Amino acid sequence: MKNKLVLIDGNSIAYRAFFALPLLNNDKGVYTNAVLGFTTMLLKIIENESPTHMLVAFDAGKTTFRHKTYTEYKGGRQKTPSELSEQFPVIREVLDAFQIKRYEIKNYEADDIIGTVSDLASKEDWEVKIYSGDKDLLQLVSDNVHVALTKKGITDIDTYDPAFLREKYGLSPDQIIDMKALMGDNSDNIPGVPGVGEKTALKLLKQFGTVDAVFESLDDVSGKKLKEKLEENQEQAMMSKELVTIFKETPLELGITDLGYSGYDHEAVATLFSELGFKSLLNRIGGTEVEDEKIDDLDFETINEIEAKHLVSPSAMIVEVMEENYHNAEIQGISLVNENGNYFIPTDLALQSQLFRDFLEDGTQKKWVFDAKRAVVALGWKDISLEGITFDLVIASYLLNPSESTHDLSAISRREGFSIVSSDESIYGKGAKRKLPEVEEFSDHLVRKAYAVYQLKEKLEEQLKHNEQYELFHDLEMPLTLVLGEMETKGVSVDTNFLEKMGEELNEKLSKIEAKVFELAGTEFNINSPKQLGEVLFEKLELPVIKKTKTGYSTSADVLEKLESKHEIIPEILLYRQLGKLNSTYVEGLLKVIYSDTGKIHTRFNQALTQTGRLSSTDPNLQNIPIRLEEGRKIRKAFIPSQKDWVMFAADYSQIELRVLAHIAQDKNLIEAFQHDEDIHTKTAMNVFNVDKEDVTSNMRRHAKAVNFGIVYGISDYGLSQSIDVSRKEAGEFIDRYLESFPGVKNYMEDVVTKAKEDGYVSTMLQRRRYLPEINSRNFNQRGFAERTAMNTPIQGTAADIIKLAMVQMETRLKEEKLETRMLLQVHDELIFEAPQDEIETLKRIVPEVMESAIKLDVPLKVDYEYGSTWYDAK
DNA sequence: CTGGACACGC
DNA sequence: GACGTACGTGTCCAGG
């Protein structure tokens, strides 16, 4: 078998990785994005290429032999950002762990090393593959030597052999040098011939073949100006040629046989990944997380009989529910840590003890927990009302660090410098292998968890106070978590029969549409497979390709809509998609999660997930039940009150985000519009298009609405152009005109970005934070995204704060008024209740009152409400 | 079991 | 001019 040598341009790939990935740092605060990208690519190369030999070449130092020719070589180049340069040593560590040779040599560049080595290997008839982001290397392409260039990011790669190079540029490998000599290279400060770009260079080479030939027959060059430029810059072009030519006789101290690669040291790599916090890569190589050193022993007592001395206030407590979904779930054990000791209590013993139940239900006995809602709901299903929770570690961690991907106890404690506890995954396993461990290991784990909570409570509260977030934590999020627990436990009643009937009707319609699609297509295929659908539409039926995805043709709705008039199959497919979605996600999906004994659905609200402070909902997601299209909206008829003669009551904030914006930005025009309760989209259209109210057309209003939408969600000119199908330029003009009409908003947008650049984070009115490390990035994309986030998060986040306040106050008010009405759901700007008929008049009064007065702004908050026999009718 | 494409809500 | 563009969750398919 032939030897296969893989050569990697280390600097180039590291740069690519750095700019392609967001500026991640691991839990030690060290930047790792370039390392992560580099390593991901390395693994991929090893998997795909199975090389027998490998080498990573790096540039060495600042000056090279090329500087003798041209002192300005690579001049004007921005200094390597320190966030990247500090990652190079780590990349070297990775390579060492992988047992891959790396090499650099003074005065030469990585290119030269690669050129020299590939030449040697090629002569021995080895197969050579070069990985880089630099087109210069294409000059090395030959039958033996193929070059893989990153296109964008790091995973998108083109591999060049001589044929592909010809196809792409119409050039031979040698001519790459000629091309660069003519067009120059901005990034290396290679001048070339001014005024000659890629197009002209290609044209000239097609005609003459080489740079030398161009200058030999200058008279044959068409275009007077071009001829002049070439004449003036002949010397410069020849020098450029010299600069871009890769030097193939670099004095190497190693031979190609020294580059043997025979796999990596699995343990060394796993340890390094674990240290760096590369969980997904660790998973990929099948390693398990190496736990930090733990405190050796934690003494604890397994209780046989519960006594008063075990139950003191305050206690850190873990009520362990292993299942992800804690509704109606088994409690596997309980642990307590307090001033008297560390205890493990078997579940049966605990729940049979009246003493213990009284302790749980006694609000004066303070409990510190991890994931209060989980404990409250799990116990709630057993008719135990857990009271007295004053601290939840999940919530504290989320407020302090919302961007953290997990708020599991092990990670939090490690972050805070206490390596007290292992991750649940390492103790319980994951996926199908998840199971309850032996009781010794299990009890130890539970006690450690409680111990961690006990230790960390003070520390995190300090941090919250330092950030001025303690009120947010104590007065809002902590009470809210209990309110959410009650909502989840109560659940929403669902009309199973209705859903089943709807399912039957949908299935009938779907099979009819399917038959029609097959007939029109002239073949049977899976309409749900974008791949198969793409083949039918764009190959078999030869419809024009509007957009492509990474993996093939795009068949998304916006693409199909553009093809609607081209073929009668398209509307059928769109309808099939729409009804299929309804059937699988909503009809079948909801039926699956109904608890058959009660006919209810119990969602879970995640309070520690979104970056903006909103809630999310899972199992099922009740925050995305259809409403826009009538067919889908019918799903809402399945949501019914849990008792006879009760009704569904829904109340929503009108334009809460724009009202918040008016207040925060203190924009006079916007404030005035809301004070007079004007139609805000019409008002926006009047300002943006500079017309009177009577002259606002429906199209203007539609565009204005999209602009408002964009302001609220922080989309870009591109995003806006997509949503209203205008050019990007027009969309940009809309935004500019909007900002001119609302100067307060414009000022706010500028100020908030400036402040974010100084502080590194933005805040909502209630001091919720979002950190934006990328706001000072040199990467256009990352910075732009961070800037839009800076503008948008205080708005959306404050709106989230407000409805959360309203929820806490609403729950209190319902109790005060001794109403039976129950709050069931929150959908971002909307609250849904079920209520006895005779409480409706009261609700009509107090719901808007509570919601509108949740916070005082300089504009009024406005709430609309409706009620009816199903959620559909409460519209 | 995972990632991509798609679609639903705000 | 780059480059990829609000936040979520769930479903299906296709690949390993």
Side-chain angles (χ1 to χ4, degrees), chain A residues 19-20 22 47 151-153 155-156 186-187 280 283-284 430-433 526-534 547-560 573-574 577-590 592-593 603-606 609-629 631-633 635-636 652-653 655-657 709-723 728 731 770 777-789 791-793 795-797 799-800 803 825-830:
Chain A
F19 288 111
E47 276 171 27
K151 274 201 294 194
K152 58 176 183 193
T155 45
D156 204 355
N186 230 346
S187 68
S280 60
N283 228 332
R284 190 158 145 192
K430 68 165 182 176
K433 286 187 220 140
N526 185 346
I527 308 174
N528 279 325
S529 161
K531 190 167 165 243
Q532 293 182 33
L533 179 61
K547 201 165 72 180
K548 286 197 142 195
T549 67
K550 269 189 240 180
T551 50
Y553 310 107
S554 169
T555 65
S556 61
D558 60 317
V559 168
L560 296 188
I573 289 165
L574 283 167
R577 279 247 180 96
Q578 191 202 334
L579 300 184
K581 172 80 180 173
L582 283 182
N583 199 33
S584 64
T585 304
Y586 295 106
V587 175
E588 289 171 4
L590 288 174
K592 258 186 258 174
V593 290
T603 185
R604 278 152 33 238
F605 291 105
N606 196 334
L609 187 135
T610 69
Q611 299 304 297
T612 54
R614 279 184 170 186
L615 302 174
S616 74
S617 154
T618 50
D619 276 327
N621 181 355
L622 292 182
Q623 293 182 321
N624 72 342
I625 302 300
I627 189 163
R628 255 183 50 245
L629 300 170
E631 293 95 318
R633 191 172 198 157
I635 294 282
R636 294 180 175 229
D652 69 297
Y653 282 110
Q655 305 294 353
I656 187 166
E657 280 98 350
F709 182 86
I711 297 291
V712 166
Y713 288 117
I715 61 174
S716 56
D717 53 356
Y718 177 89
L720 179 62
S721 75
Q722 291 295 298
S723 68
R728 185 175 170 167
R770 181 168 186 179
S777 166
R778 288 146 312 280
N779 180 300
F780 176 86
N781 270 325
Q782 288 174 14
R783 193 180 60 245
F785 181 48
E787 285 171 357
R788 292 202 305 275
T789 308
M791 302 178 210
N792 153 255
T793 298
I795 303 169
Q796 208 187 110
I803 194 161
L825 297 174
Q826 186 249 47
V827 191
H828 308 309
D829 65 355
E830 183 184 12

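Here the structure is a predicted model, which is why all the values come from computation and not from measurement. Just so we're on the same page: letters track the sequence lines, and every chain starts at 1.
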- Message: Taking 4.0 Å as the cut-off, does a side-chain nitrogen or oxygen of Ser556(A) come that near to OP1 or OP2 on dA7(B)?
- Response: no
- Task: Find the partner of dC13(C): check Watson-Crick (N1-N3 plus N6-O4 or O6-N4) and G-U wobble (N1-O2, O6-N3) distances, both under 3.5 Å, and reply none if neither fits.
- Result: dG3(B)
- Output the single nucleotide from dC10(B), dA14(C), dC12(C) whose closest atom is nearest the side chain of Val827(A). dC10(B)
- Message: Distance check, P atoms only: dA5(B) and dT5(C), in whole angstrom units.
- Response: 12 Å
- Item | Rounded distance (Å) that lies between atom C1' of dC6(B) and atom OH of Tyr586(A) | 12 Å
- To the nearest angstrom, the NZ-P distance between Lys581(A) and dT9(C) comes to 13 Å
- What nucleic acid atoms does Asp717(A) come within less than 4.0 Å of, heavy atoms only: base, sugar-phosphate, or nothing? nothing
- Query: Within the distance-only criterion (no hydrogens, no angle test), does the side chain of Arg614(A) pair as donor or acceptor with the backbone N or O of His828(A) below 3.5 angstrom?
  - Reply: no
- Note on the structure: With the side chain defined as heavy atoms from C-beta on, Ser616(A) is closest, among dG8(C), dC10(B), dC12(C), to dG8(C)
- Message: Tell me whether the side-chain N/O atoms of Thr549(A) come closer than 4.0 Å to OP1 or OP2 in dA5(B).
- Response: yes
- Atom CG of Leu582(A) and atom C1' of dG10(C): how far apart are they, to the nearest Å? 13 Å
- Item | OP1 or OP2 of dG15(C) under 4.0 Å from side-chain N/O of Lys531(A) | yes
- Task: Output the single nucleotide from dT9(C), dC8(B), dC7(C) whose closest atom is nearest the side chain of Phe785(A).
- Result: dC7(C)
- Euclidean distance, atom OH of residue Tyr718(A) to atom P of dA2(C) [Å, nearest integer]: 13 Å
- Taking CD1 from Ile656(A) and C1' from dC7(C), how many angstroms apart are they, rounded to a whole number? 16 Å
- Verify the contact: side-chain N or O of Ser554(A) to OP1 or OP2 of dC6(B), cut-off strictly under 4.0 Å; return yes or no. yes
- Query: Could one point to a donor on the side chain of Asn624(A) or the base of dC8(B) with an acceptor on the other under 3.5 Å away?
  - Reply: yes
- Message: With a 4.0 Å limit, can you tell me whether Thr555(A) has a side-chain N or O closer than that to the phosphate oxygens OP1/OP2 of dC6(B)?
- Response: yes
- Rounded distance in Å between the C1' positions of dA6(C) and dC8(B): 15 Å
- Out of dC10(B), dC6(B), dG8(C), whichever nucleotide has its closest atom nearest the side chain of His828(A): dC10(B)
- Any donor-acceptor pair under 3.5 Å from Arg788(A) side chain to Gly714(A) backbone: yes
- Task: Could you tell me whether Thr789(A) contacts a base, only the sugar-phosphate backbone, or nothing, with contacts defined as non-hydrogen atoms closer than 4.0 Å?
- Result: nothing
- Task: Would you kindly check whether a donor in the side chain of Arg628(A) faces an acceptor in the base of dC8(B), or vice versa, at under 3.5 angstrom?
- Result: no
- Query: Taking the side chain of Ser584(A) as its heavy atoms from C-beta onward, which of dC12(C), dA14(C), dC7(C) lies nearest to it?
  - Reply: dC12(C)
- Task: Quote, to the nearest angstrom, the P distance that separates dC6(B) from dA2(C).
- Result: 24 Å
- Item | Check: Asn621(A) main-chain N/O paired with Thr603(A) side-chain donor or acceptor under 3.5 Å | no
- Whole-Å C1' distance, dG1(C) and dA7(B): 33 Å
- Run the side chain to side chain contact (heavy atoms under 4.5 Å, CB included) check on Lys548(A) and Tyr553(A) step by step: do they pass? CA-CA 4 Å; Lys548(A) 286 197 142 195; Tyr553(A) 310 107; 4.1 Å; yes
- Okay, side chain of Ser617(A), backbone of Leu622(A): is any donor-acceptor separation there less than 3.5 Å? yes
- Reckon Ile627(A) touches a base, only the sugar-phosphate, or nothing at all at heavy-atom distances under 4.0 Å? sugar-phosphate
- Task: Report yes if the side chains of Thr610(A) and Gln796(A) come closer than 4.5 Å at any heavy-atom pair, otherwise no.
- Result: no
- Message: In whole Å, I'd like the distance from the CG atom of Asp558(A) to the C1' atom of dA5(B).
- Response: 12 Å
- Message: What's Asp619(A) touching, base or sugar-phosphate or nothing? Going by heavy atoms closer than 4.0 Å.
- Response: sugar-phosphate
- Look at the side-chain N and O atoms of Arg788(A) and state whether any lies under 4.0 Å from the OP1 or OP2 oxygen of dA6(C). yes
- Item | Closest listed nucleotide, where the reference is the side chain of Thr610(A) and the choices are dC10(B), dG8(C), dC8(B) | dG8(C)
- Give Ser716(A) one of three labels, base, sugar-phosphate or nothing, depending on what nucleic acid heavy atoms sit under 4.0 Å from its own. base
- Message: Would you compute the distance between atom CG of Leu615(A) and atom CZ of Arg604(A) and round it to the nearest 0.5 angstrom?
- Response: 13.5 Å
- Could you tell me the separation between the CG atom of Asp829(A) and the C1' atom of dA6(C), rounded to a whole number of Å? 15 Å
- Whole-Å distance separating the CD1 atom of Ile711(A) from the P atom of dT5(C): 20 Å
- Reckon Glu657(A) touches a base, only the sugar-phosphate, or nothing at all at heavy-atom distances under 4.0 Å? nothing
- Query: What does Gln782(A) touch in the nucleic acid at a heavy-atom separation under 4.0 angstrom: a base, only the sugar-phosphate, or nothing?
  - Reply: nothing
- Asn621(A) has its side chain closest, among dC12(C), dC10(B), dG8(C), to dG8(C)
- Could you tell me whether the phosphate oxygens of dA7(B), OP1 or OP2, come under 4.0 Å of any side-chain nitrogen or oxygen in Arg577(A)? yes
- Query: Does Arg728(A) make a side-chain donor-acceptor contact with the base of dG1(C), cut-off 3.5 Å?
  - Reply: no
- Task: Please answer whether the main-chain N or O of Ile527(A) pairs with a side-chain N or O of Gln532(A) as donor and acceptor at a distance below 3.5 Å.
- Result: no
- Task: Could you please name the partner base of dC7(C), counting Watson-Crick and G-U wobble pairs only when both distances are under 3.5 Å?
- Result: dG9(B)
- Message: Within the 4.0 Å heavy-atom criterion, would you say Asn792(A) contacts the bases, only the backbone, or no part of the nucleic acid?
- Response: nothing
